[in-house]
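One structure is given below, encoded as structure tokens.
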Amino acid sequence: MKTIVTMGRGGTGKTTFVALMAKYLIESGNGPILLVDADPDQNLAEMVGVDLEAAGKKTIAELLSETFIQQGGTTVGIPPSKRIENRIWQEGLYEGDQFDLFSVGTKWVEGCYCLPDAALKNALSSITRQYTYILIDSPGGLEHLNRKIASTVDIIFDVMGPSSKSFAHVRRAHRVISEVGIRFDRFFVIGGYGFTNDPDPGALAGLGLPYIGRIAQDETIAQMVLRGECLLDTPAGSPAYRSVKMIIQQVLRP
């Protein structure tokens, strides 16, 4: 089982990257796959054609709200994140033919995301299913890294945009990951679809991290995302899909 985390600033294309990576792994027979939407904006499900509400599934945030706010459950004693673990697998896990998926979801009440993140962490640490790949779509920003949603990771992709802020984000993210003790095997930098060409080699050299390619700009993908269509149906000739496929083939090559 390999755990792959994709992170980066908002709007760089990281969720698109995760969806297209899932498409490639499914088509190449690398299943079963678990998709984890750790972003409160919860766009991943839509991008892979899943309507959790229609499927009768709930997000982790919804399960926590039901258990400890609507039903008045106590938070004393066993940590709430552990108390709802069975509910996450029974009521939150979408089980499909090609992949499974669950989502942290959006909180509709005041407070930070510490509790949903803790529940996600416990759920991931107790996986008993035999998944070949776990693909985690992380939120934008850095604060979630300190909570160590996944403390042991095989591959980290940091998707960056064409700005100095994105380069700074990569450096900060790598430092936070190292200092909080997240164990990982490999860390790769990817250019988001905002780049028209590969980033400046001098700027990349300053990161001191391996750059492995960029997500090609693709009007078809842009229109599919705008219309809320499933990116697993992306045409094989799509420039964005072909670029993501090449990146994943390089990384997973024996």
Side-chain angles (χ1 to χ4, degrees), residues 4-24 35-50 59 61 101 103-107 112-113 116-117 120 135-147 149 155-177 187-200 203-204 206-207 209 211-232 234 238-248:
I4 301 176
V5 173
T6 301
M7 55 180 295
R9 299 185 76 226
T12 57
K14 58 187 177 62
T15 304
T16 296
F17 179 80
V18 174
L20 295 179
M21 174 167 45
K23 173 180 171 66
Y24 168 71
L35 301 180
V36 179
D37 190 353
D39 191 336
D41 228 8
Q42 59 185 102
N43 294 317
L44 182 59
E46 179 181 278
M47 286 194 177
V48 294
V50 174
T59 67
L101 178 147
S103 173
V104 166
T106 305
K107 284 184 67 205
C112 75
Y113 273 84
D117 282 349
L120 171 59
L135 309 184
I136 301 176
D137 182 20
S138 289
L142 298 173
E143 66 280 355
H144 62 287
L145 295 176
N146 299 83
R147 300 181 198 131
I149 292 171
I155 300 166
I156 298 175
F157 291 114
D158 197 325
V159 184
M160 64 179 187
S163 71
S164 60
K165 290 182 179 178
S166 273
F167 280 83
H169 176 277
V170 172
R171 287 190 290 269
R172 286 193 291 263
H174 186 265
R175 179 178 176 180
V176 171
I177 287 168
F187 188 113
F188 296 103
V189 177
I190 296 173
Y193 47 54
F195 286 97
T196 54
N197 296 293
D198 286 325
D200 177 69
L204 288 172
L207 291 176
L209 296 165
Y211 170 77
I212 199 167
R214 66 183 178 89
I215 307 169
Q217 292 184 342
D218 191 331
E219 184 58 30
T220 298
I221 291 287
Q223 290 301 315
M224 291 180 73
V225 172
L226 184 63
R227 294 191 293 264
E229 296 175 357
C230 176
L231 294 191
L232 300 183
T234 300
S238 151
Y241 177 56
R242 285 192 283 112
S243 65
V244 171
K245 181 177 178 179
M246 288 178 61
I247 289 170
I248 303 305

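The CD1 atom of I136 sits 12.0 Å away from atom CD1 of I155, with the distance rounded to the nearest 0.5 Å. To the nearest 0.5 Å, the span separating OG on S238 from NZ on K245 amounts to 11.0 Å. The distance from the CD1 atom of I221 to the CG atom of L226 is 12.5 Å, given to the nearest 0.5 Å. Taking CZ of R171 as the reference point, atom CG of L207 lies at 5.5 Å (rounded to 0.5 Å). Atom CZ of R242 and atom OG1 of T234 lie 12.5 Å apart (nearest 0.5 Å). Taking CD of E219 as the start and CE of M224 as the end, the distance is 12.5 Å to the nearest 0.5 Å.
Each of L232, V18, I248 was checked for a side-chain contact (heavy atoms from CB on, under 4.5 Å) with K23, and the lone residue meeting it is L232.
The shortest distance between side-chain heavy atoms of I247 and I190 falls below 4.5 Å. Considering only heavy atoms from C-beta on, K165 comes within 4.5 Å of R9 through its side chain. Contact of the D158 side chain with the F187 side chain is registered, since non-hydrogen atoms from C-beta on lie closer than 4.5 Å. Looking only at side-chain heavy atoms (C-beta outward), Y193 and T16 come within less than 4.5 Å of each other.
With sequence neighbours excluded, the residues forming a ring pair (Phe, Tyr, Trp, His ring centres under 6.0 Å) with F17 are F157, listed by chain and number. Every residue two or more places apart in sequence or in another chain was checked for a side chain to side chain donor-acceptor pair (under 3.5 Å) with Q217, and none qualifies. Looking at residues two or more places apart in sequence or on another chain, you find a salt bridge (Lys or Arg N to Asp or Glu O under 4.0 Å) between D198 and R214. For the salt bridge (Lys or Arg N to Asp or Glu O under 4.0 Å) test, residues two or more places apart in sequence or in another chain that qualify with R175 are E179. Contacts of D137 classified as salt bridge (Lys or Arg N to Asp or Glu O under 4.0 Å), with partners at least two apart in sequence or in another chain: K14.
Residues D218 and A240 share a closest heavy-atom pair of OD2-N, 3.0 Å. Heavy-atom minimum distance, V159 versus G192: CG1-CA, 3.7 Å. Nearest heavy atoms, M7 versus S138: CB-CB, 4.1 Å. Contact between A203 and F167 at its shortest, heavy atoms only, is CB-CE2, 3.6 Å. Nearest heavy atom pair, residue Y211 against residue G191, reads CE1-N, 3.6 Å. Nearest heavy-atom pair, L20 versus Y241, reported as atom, atom and distance to 0.1 Å: O-CE1, 3.7 Å.
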*Mind running side chain to side chain contact (heavy atoms under 4.5 Å, CB included) on L101 and V36 for me, showing each step along the way?*
CA-CA 6 Å; L101 178 147; V36 179; over 6 Å; no
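The backbone N or O of G161 lies less than 3.5 Å from a partner atom in the side chain of S166, making a donor-acceptor pair. A donor-acceptor distance shorter than 3.5 angstrom exists from the side chain of S243 to the backbone of A216, with no hydrogens or angles considered.
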Would you tabulate the side-chain donor-acceptor contacts of residues 43-50 under 3.5 Å, counting partners in other chains and residues two or more places apart, or write 'none'?
none

